[in-house]
Structures are given as structure tokens and as C-alpha cells.
Amino acid sequence: MATRFDDETLMAFADGELDEATAAAVEEAIGDDDTLMARVEMFMETRARARAELKPTSEEPVPAALEAAVREMVESSRKASVAAADSPTGRVLPIDAARRKRGLLQAGTWQLPLAASLATAIAAGVIGYQLGSGNGPFAPRLVNASRTDIEEALRTLESGQERRLPGDGRIRIVASFRDNNETLCREYEVDPVSGNSLVAVSCREGDSWETRFAVAAPAGAEGYAPASSMDALEAYLSAIEAGPPLSEEEEAEALAGVR
Amino acid sequence: MMAAEHDVGHRLIALLPNMRRFALSLARKPDLADDLVQQACERALAHAASFQPGTRFDAWMFRIIRNLWIDRVRRDRTAGPREDIEERRDLVGDDGERTMEARLTLASVSEAMELLPEDQRELVVLVCVEDLSYREAAEVLGVPIGTIMSRLARARKKLAELTGITAGSARFPAAKE
């Protein structure tokens, strides 16, 4: 009888993590099986004891130095955000500054309230459009680089890194993130030799990358796309419920999986 | 945005004891754990807006702490070959002699925890102490839910063994009813 349920199932029963049907089956079985009952109790008991002994208590207070340091941190971050809000450009600056400084799109800006219709329109207009395929309505003029070169860059470059493309343009990876389906996506910019830069998002699809979003943007002073084309990007990211940018280590791990 | 940061600040301070407990389960040295918590708070404030409202704030913080810890462990080992964190059992030791001793004296849970590998220790804290669901723990640790379950079951059987909770705990004096 006892072999009908493995440890994981009995533990999940003890933790209240089983679906109703399985839970009912376990409940019925332990009714007339003391061994099974004892195994379930063991899991209940370990949890109860761990909780009783390890739950942080007042007997083990947080060191004053740590608490003071964190309080000070919270306070200064509060002041900084008040200062930013007071400045007329405060709402725009963080995105731009973050992109310039760290090559990362600040995650918080993805949740800015945006007109849903705009987001949908952009998303509908670009899905399926393959960057560099040569068949898109404006792809050939924008980017001479082959799809292979861009895919190679998406697969190998870390966020913040830049590479010269064989067609003489440049590609710069801005950030990696996951969409609402947990698909790995990368935001990047492509500078052609002349003319408009391209801000794009490509996501991993099977063995290759699919361009999910692309918008032409006149190159800014430092070669970075200006804030206006970022609105469209943000609308898109918000529409696909893009997660926060992956940390360096998360990105390295994700890229290791596609190499 | 501002409200979010404000909120994060408050929540950070309230969560300090829990964060410290979790950090201790990883770093095991109090000064190192405090350092880790402080660094995590700094990161959380800088990325306050990326916290998804409606999700568990504590799980978010545990994830940050853990990422920082892995980062640190990796950096400390730059000279050596890369190993998977999963394979680092040796560092936290299944020391036969200590296990033996613990068995004889019936260790407290805290003592028994010291004998568990790091990946089991952190999981016990997340699920049994901090009440994260298996799914939430899987997200914090970045492993599949099946791995969470087998690892946690193993950890708890070991804890039971070390602390004298037998499979027949109904007859064990410490067990209720």
C-alpha cells in the first residue's frame, strides 16, 4: 500500500500542495495505513519544527548597523526620487540615463501607463516581420546585414556589448528579458552606415530568433536612439508584459542555453 | 513610481529579519549574511519599479539575495574551474563524523540544518520557514518544480533522521497527538 505514494506526493499532501483528486486519494489511503500516516506526519513534523526553531525571533534581533544602513539607503533613495519628480524632465531622464550609463532599459519604465490601442497596433504591425530577410517592406534599406549576422550577435553578445556587422553597420545589445511566455527576448539597436537606426526586439523561437518588434529611429547624438522612438518600444514591451531585464548572471545562463 | 519606492523601503525594513535568516542559510557567517542583505536592499531600491505588484515581495527579495550570493561564490572561485552550484555538496559537507555525532545526540533543527547541503538548506528555509509555495520557491531558485519537490523531500527526511523525528513520529514524545 505504502508504495502507491512516493515521498514527494506525501510531502505535498502534508504541505497542502496536492490537487484535490490526489489529496483525496492520499487521505483515503492513510485512513487504514499507519505506515503511510507516519510518513505524512514526518513531513508535517519537520515543517513545524523547522518553523518553530528557525523563524526569526526577537531573541535574535537584526544587527543595529545593518538596520541603520538599510534605513539610510531607503531615505536617500526616497529623496532622490522626490528630486527627480520635481524636475520637469524627471520622468524622461531615468530611461535615457539608464540606457546610456549601463546599456540597460530601466525596468520600471515598462510599466508606464500607455494607450492599449497604440500597443496593439504596433504589435500587430510588426509581428512576423523578419529583420534582414529582404522581403520586408523597409528591411533592405534599413539594414544590409544578413539575418545570420544579426542572429549570431543575438546569440553571443552580452547586453551592453556592441559589434560591427559585416555590412559595415553596427549592432548593440541593450538588454535581455523574458516575455509573458518566459521566452528569451533581446532588445537591441542596429545602426546602418547611414540613415535611420533600428530599435528591435527579437525572441528565441526554436533554433532561431524571430523579430517581434522593430521601429526605425533617427540616430541620436551618441548613436543611441532618441527617447521618442522609445515610447513605441515601451508600449510594445508593456503589451507583451516583458519581465525586468535579466541580470548579468541570468543572461549568461540564458545565453548558454541557446549557444 | 514614487509610491512604489516608498513602499519597497518600508517593506525592506519589515523584512530584514527574514532576509537575514535566508542569507544566513546561504552564507552561514553573520557578517557575510549582513553584507548580502545590505547589498540586496541596495539593489531592490534601485530596481524598485521592477517589482510586480500582486506578487510576493519576500520571494522577490530572496531571489535577489540568492543571485547576489551565487555571483559572489562564482567570483570567489574565478581561479578554479567552473562548477555547478548543485554539485557543490562538498563545501557544506556531508561529514560522516559530524553526522554520526548528531545522530547520537539528536540534534536541534538548527544543528541538523548545518549538516545539510546548501541547496537543501535554503529550500527548507524558503518553504518550511517562510511559507513559500513550491512554485514560488522554484521561481526563486530558478529550478523546475519537480526538482524542488525531490530536494525538499530529501532534506526533510534527513532533518527527521538527525533530529530524531522517526517515520513513526506518532509515537515520538515530541509529536502532538
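A quick note: this is a predicted structure, and the numbers were derived from the prediction, not measured. Any value given below was found using the heavy atoms of this structure, including those in side chains, with hydrogens, waters and symmetry copies removed. Proteins get letters first, then strands, A, B, ... in listed order; numbering begins at 1 in each.
Note that the OG1 atom of A/T46 and the CG atom of B/L162 stand 12.0 Å from one another [nearest 0.5 Å]. Here the CG atom belonging to B/L16 is positioned 6.0 Å from the CD atom belonging to A/E67, to the nearest 0.5 angstrom. Atom CG of residue B/L45 and atom OG of residue A/S76 lie 7.5 Å apart, to the nearest 0.5 angstrom. Taking CG of B/D71 as the start and CD of A/E248 as the end, the distance is 7.5 Å to the nearest 0.5 Å. Of the inter-residue distances, the one linking A/M42 atom CE with B/L159 atom CG reads 9.5 Å to the nearest 0.5 angstrom.
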Would you check, one step at a time, whether the test side-chain hydrogen bond (donor to acceptor under 3.5 Å, both in side chains) holds for B/S110 with A/E53? CA-CA 7 Å; B/S110 333; A/E53 261 197 60; 2.9 Å; yes
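In this structure, A/E17 contributes its side chain and B/Y134 its backbone to a donor-acceptor pair below 3.5 Å. B/R21 contributes a side-chain N or O that, together with a main-chain N or O of A/L54, makes up a donor-acceptor pair within less than 3.5 Å. Of the possible polar contacts, none joining the A/R78 side chain to the B/G9 backbone as a donor-acceptor pair under 3.5 Å is found.
Checked for salt-bridge contact, A/E250 and B/R63 meet the test: a charged N lies under 4.0 Å from a carboxylate O. Ionic pairing of A/D7 and B/R156 is not present here: no N-O contact between side-chain nitrogen and carboxylate oxygen is shorter than 4.0 angstrom.
Sparse packing is recorded around CD of A/E253, with 12 or fewer heavy atoms of other residues, nucleotides or ligands lying under 6.0 Å away. Sparse packing is recorded around CG of A/D207, with 12 or fewer heavy atoms of other residues, nucleotides or ligands lying under 6.0 Å away.
The candidate from B/V37, B/N67, B/L24, B/L12 with the greatest count of non-hydrogen atom pairs under 4.5 Å with chain A is B/N67.
Looking at B/D131, both its backbone and its side chain come within 4.5 Å of chain A, counting heavy atoms on both sides.
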